[in-house]
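Bear in mind that the values here come from a model prediction, so they are computed numbers and not experimental data.
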Amino acid sequence: MNSTILFISREKAEADKYSTILTKSSYNVIHATQLPGQLLEPKPFLVIFRQSEGFFFSTDSELLSTPTIPVLLLDSLQEVPIALLNGTNTNLLDYLAEPVAHDHLLAKIQFLKKVSKLSSEHAGYLQSHDTFLDWFTSHDGLTGLYNRHHFNKTFHQEFEKALRESKPMSMLVLDIDFFNELNRTYGHSYGDFVLNELSARLTGSTRENDICFRFTGGDFIVLMPDCDLATAKQAAEQIRHNCITKPFSRNDISRKVTISIGIANTVSHQPVTGDELVNIAETALYTAKASGRNRSCVYEPQDNKSIYQGQREGSLNELKLTISRLLERTRKSAISSLQLLARDIAGEEHRVHIDKVAWYTNLLGKQLGLTQPVIETLQNAITIQASIRLLMHNELISKPVQLDEADRKILKDLPYKIAEITEVFSYFDQERSILLTRSEKYDGSGFPDGLQGDEIPLGSRIINVIDSFAAMDAERPYRPKFSPQSILSELKEQSGRQFDPFLVLKLLDIIEHKNLLDIDPDLIKQTRSDLISSHPELRI
């Protein structure tokens, strides 16, 4: 048992006196003239501090960084220390006024030794408890792999590290083929066994510095730092081979289990964000599933020919088939994958436009007091509309001249095409109802139904003004970016025609408060005044 006491005093004679008393009681005494800045070896169980005039107690030391070492003050000034009175000190603190009887001192030390032992045991228990909780919150209870919570915590750190150090990072997204059917046929007990066995084969097929996660259900993710695409492809095939060549046998049930794997790489696929890398890997997984399962697929960007096949409008049926194969999972993944598909054709400017419109939509939505789910629905709608418009009519959108009447006629059918395409996903119902009226104008001159004013859904009116504002503030193949003055003029002129005047008024507030345009604030105020003069109903 630890018997070391650190005795701090500037007066050597006093220190020697107390050392003699304590040594006779089998204590090991270390004398110091001041509190050491670092830990001592052996670590004392008690610090006795003899406080005298001009020499006051302080806890500013690594030695006292934890509350497990008690401090006993011997005060010749007969003053109770302030730290004891106000309770600001984090250490166990006791006090004796000198002169003190030897028996009284030894009894106090014996008591503080017990306190120190109990405090250390409690600290050890808390540390073990925290370690257990850390493990429990970061690991999947069934397989022992890291869980989704830990993935969300560490993935973006690994992604940023790869970019910062200019090193490749690969990602594998794995899914057990027909896992739900396996559970229904053989029971969840066997399904749990498959998950455990697959986890063991997964860790046995990956490198020491790879990080394996059970994401959800039968889905797994492997992060592979400092790993190029060829190595990731080889690892994916090794994992798949280890599954298909050895049956998953438990009791009287033995069957082969296959997996599908999507592969993405930071260098080969150039994702801008970590979320985009996940979307790329998931899209590759969907391709593996749609191609027959039991295979690994590297993400391959789409090109114009595969979508259009030389046709001006593209093949509606082929586009529906392509999307239905790629986007078979959740609403969020479907939106992300659709945007990724469009980005491969249009380039980075498509993502920039979508991000800008999403940001503006969030600002205006909050200004109007809309809930977050409603704002997200609007953001999804603009992503769907912009992506499908580009996938089907990229040759029109990229024209270096303004569209002619024939071109506009083709685009007038876009709301119906979007509605038909998104019918393959029931979870697009809210977005579809907004997009059907996206091209309606406030004065009733829009299409497809010539709705007017409040007949147009609020979401469509919001998207109309936000998308137009973002388009004016960007370069286009047939025109340069609008000047800030021209943007304000266009918003004012189209209020009551194309745009809802009330939404334009709110947008002006955002432009002013968020400095969205490099323009004199007085011009914004004048535009607001002119708008209210033209639309008296806006006066509040």
Side-chain angles (χ1 to χ4, degrees), residues 128 131-155 158 170-225 227 231-264 278 281-297 328-330 333:
S128 299
T131 301
F132 170 77
L133 286 180
D134 287 343
W135 189 95
F136 187 76
T137 56
S138 63
H139 288 73
D140 175 53
L142 177 64
T143 64
L145 298 181
Y146 286 118
N147 58 18
R148 184 170 184 169
H149 171 77
H150 191 67
F151 175 83
N152 294 334
K153 181 179 177 181
T154 61
F155 167 63
E158 291 292 334
S170 295
M171 170 182 281
L172 309 182
V173 178
L174 304 83
D175 182 75
I176 300 175
D177 297 329
F178 304 110
F179 183 62
N180 290 335
E181 179 182 332
L182 182 146
N183 272 325
R184 287 193 299 268
T185 303
Y186 299 101
H188 288 280
S189 177
Y190 180 74
D192 289 347
F193 162 75
V194 170
L195 292 173
N196 267 309
E197 180 64 21
L198 176 57
S199 299
R201 299 186 191 187
L202 185 61
T203 54
S205 304
T206 51
R207 305 172 307 167
E208 184 176 353
N209 62 329
D210 294 337
I211 311 172
C212 300
F213 305 84
R214 182 192 174 197
F215 202 63
T216 180
D219 296 340
F220 296 80
I221 289 179
V222 181
L223 286 185
M224 309 182 73
C227 177
T231 303
K233 174 68 175 176
Q234 184 178 6
E237 280 299 296
Q238 181 64 47
I239 295 168
R240 190 182 66 83
H241 181 266
N242 288 346
C243 287
I244 194 62
T245 55
K246 180 182 177 182
F248 286 68
S249 302
R250 179 176 179 268
N251 298 330
D252 57 342
I253 303 174
S254 180
R255 61 160 292 171
K256 290 185 177 180
V257 176
T258 64
I259 59 174
S260 299
I261 308 175
I263 308 170
V278 175
E282 287 184 338
T283 302
L285 173 62
Y286 304 153
T287 303
K289 291 285 190 181
S291 301
R293 296 179 172 83
N294 187 27
R295 65 196 65 211
S296 61
C297 286
E328 63 180 30
R329 292 203 173 188
T330 65
S333 295

* Which atom of Ala235 lies closest to which atom of Met224, heavy atoms considered -> CB-CE, 3.6 Å
* To do: Please report the shortest heavy-atom distance between Ala232 and Cys227, naming the atom on each side.
  => N-SG, 3.6 Å
* To do: Give the minimum heavy-atom separation between Ser296 and Ile263, together with the two atoms involved.
  => CB-CD1, 4.0 Å
* With sequence neighbours excluded, what pairs up with Ala284 under the side-chain contact (heavy atoms from CB on, under 4.5 Å) test? -> Tyr299
* Determine yes or no for a side-chain-to-main-chain donor-acceptor pair under 3.5 angstrom, with Thr203 supplying the side chain and Ala200 the backbone. => yes
* Kindly write out the residues that satisfy ring pair (Phe, Tyr, Trp, His ring centres under 6.0 Å) with Phe151, not counting sequence neighbours, or none if the list is empty. => Phe155, Phe213, Phe215
* Structure fact -> All heavy atoms of Ile261 vs all of Ala236, minimum pair found to be CD1-O, 3.3 Å
* Just how far is it from atom CD of Gln238 to atom SG of Cys243, taken to the nearest 0.5 Å? -> 10.0 Å
* **Arg148: partners by side chain to side chain donor-acceptor pair (under 3.5 Å), with sequence neighbours left out** => none
* **From Val257, Leu145, Ile259, residue fulfilling side-chain contact (heavy atoms from CB on, under 4.5 Å) relative to Leu198** => Ile259
* Non-neighbouring partners of Ser205 that pass side chain to side chain donor-acceptor pair (under 3.5 Å), sequence neighbours left out -> Asn242
* Decide yes or no on side-chain contact (heavy atoms from CB on, under 4.5 Å) for Lys256 and Phe248, but give the supporting numbers first. => CA-CA 6 Å; Lys256 290 185 177 180; Phe248 286 68; over 6 Å; no
* Taking only residues two or more places apart in sequence or in another chain, which ones pass salt bridge (Lys or Arg N to Asp or Glu O under 4.0 Å) with Arg255? -> none
* Asked: Who are the side-chain contact (heavy atoms from CB on, under 4.5 Å) partners of Thr245, not counting sequence neighbours?
  -> His241
* How would you list all residue pairs meeting salt bridge (charged side-chain N to carboxylate O under 4.0 Å, His left out) that involve residues 177-188, not counting sequence neighbours? -> Asp177-Lys289
* Point-to-point distance, once rounded to the nearest 0.5 Å, from CG of Leu195 to CZ of Phe179 -> 3.5 Å
* Structure fact -> Correct closest heavy-atom pair for Ser199 and Phe220 would be OG-CE2, 3.5 Å
* Please confirm whether the backbone N or O of Pro247 pairs with a side-chain atom of Ser254, one donor and one acceptor, at under 3.5 Å? => no
* Can you list the residues that meet the side chain to side chain donor-acceptor pair (under 3.5 Å) rule with Thr143, with sequence neighbours excluded? -> Asp140
* Got a second to check how far Thr185's OG1 is from Asn180's CG, nearest 0.5 Å? -> 10.5 Å
* To do: Taking side chain to side chain donor-acceptor pair (under 3.5 Å) as the test, write out the residues that go with Thr231, two or more places apart.
  => Asp228
* Minimum-distance pair of heavy atoms, taken over all atoms of Ala281 and Val173 -> CB-CG2, 3.5 Å
* **Interatomic spacing from CG in Leu174 to CZ in Arg214 - rounded to 0.5 Å** => 13.0 Å
* To the nearest 0.5 Å, tell me how far Met171 CE sits from Leu223 CG. => 5.0 Å
* Asked: What residue pairs, at least two apart or across chains, pass ring-ring contact (aromatic ring centres under 6.0 Å, His included) with a residue in residues 189-212?
  -> Tyr186-Tyr190, Tyr190-Phe193
* Asked: Hey, what do you get for CG (Asp192) to CZ (Arg250), rounding to the nearest 0.5 Å?
  -> 8.5 Å
* Any residue meeting salt bridge (Lys or Arg N to Asp or Glu O under 4.0 Å) with Glu197, in chain and number order, not counting sequence neighbours -> Arg201
* To do: Can you run down the salt bridge (charged side-chain N to carboxylate O under 4.0 Å, His left out) pairs that involve residues 239-248, sequence neighbours left out, and say none if there aren't any?
  => Glu237-Arg240
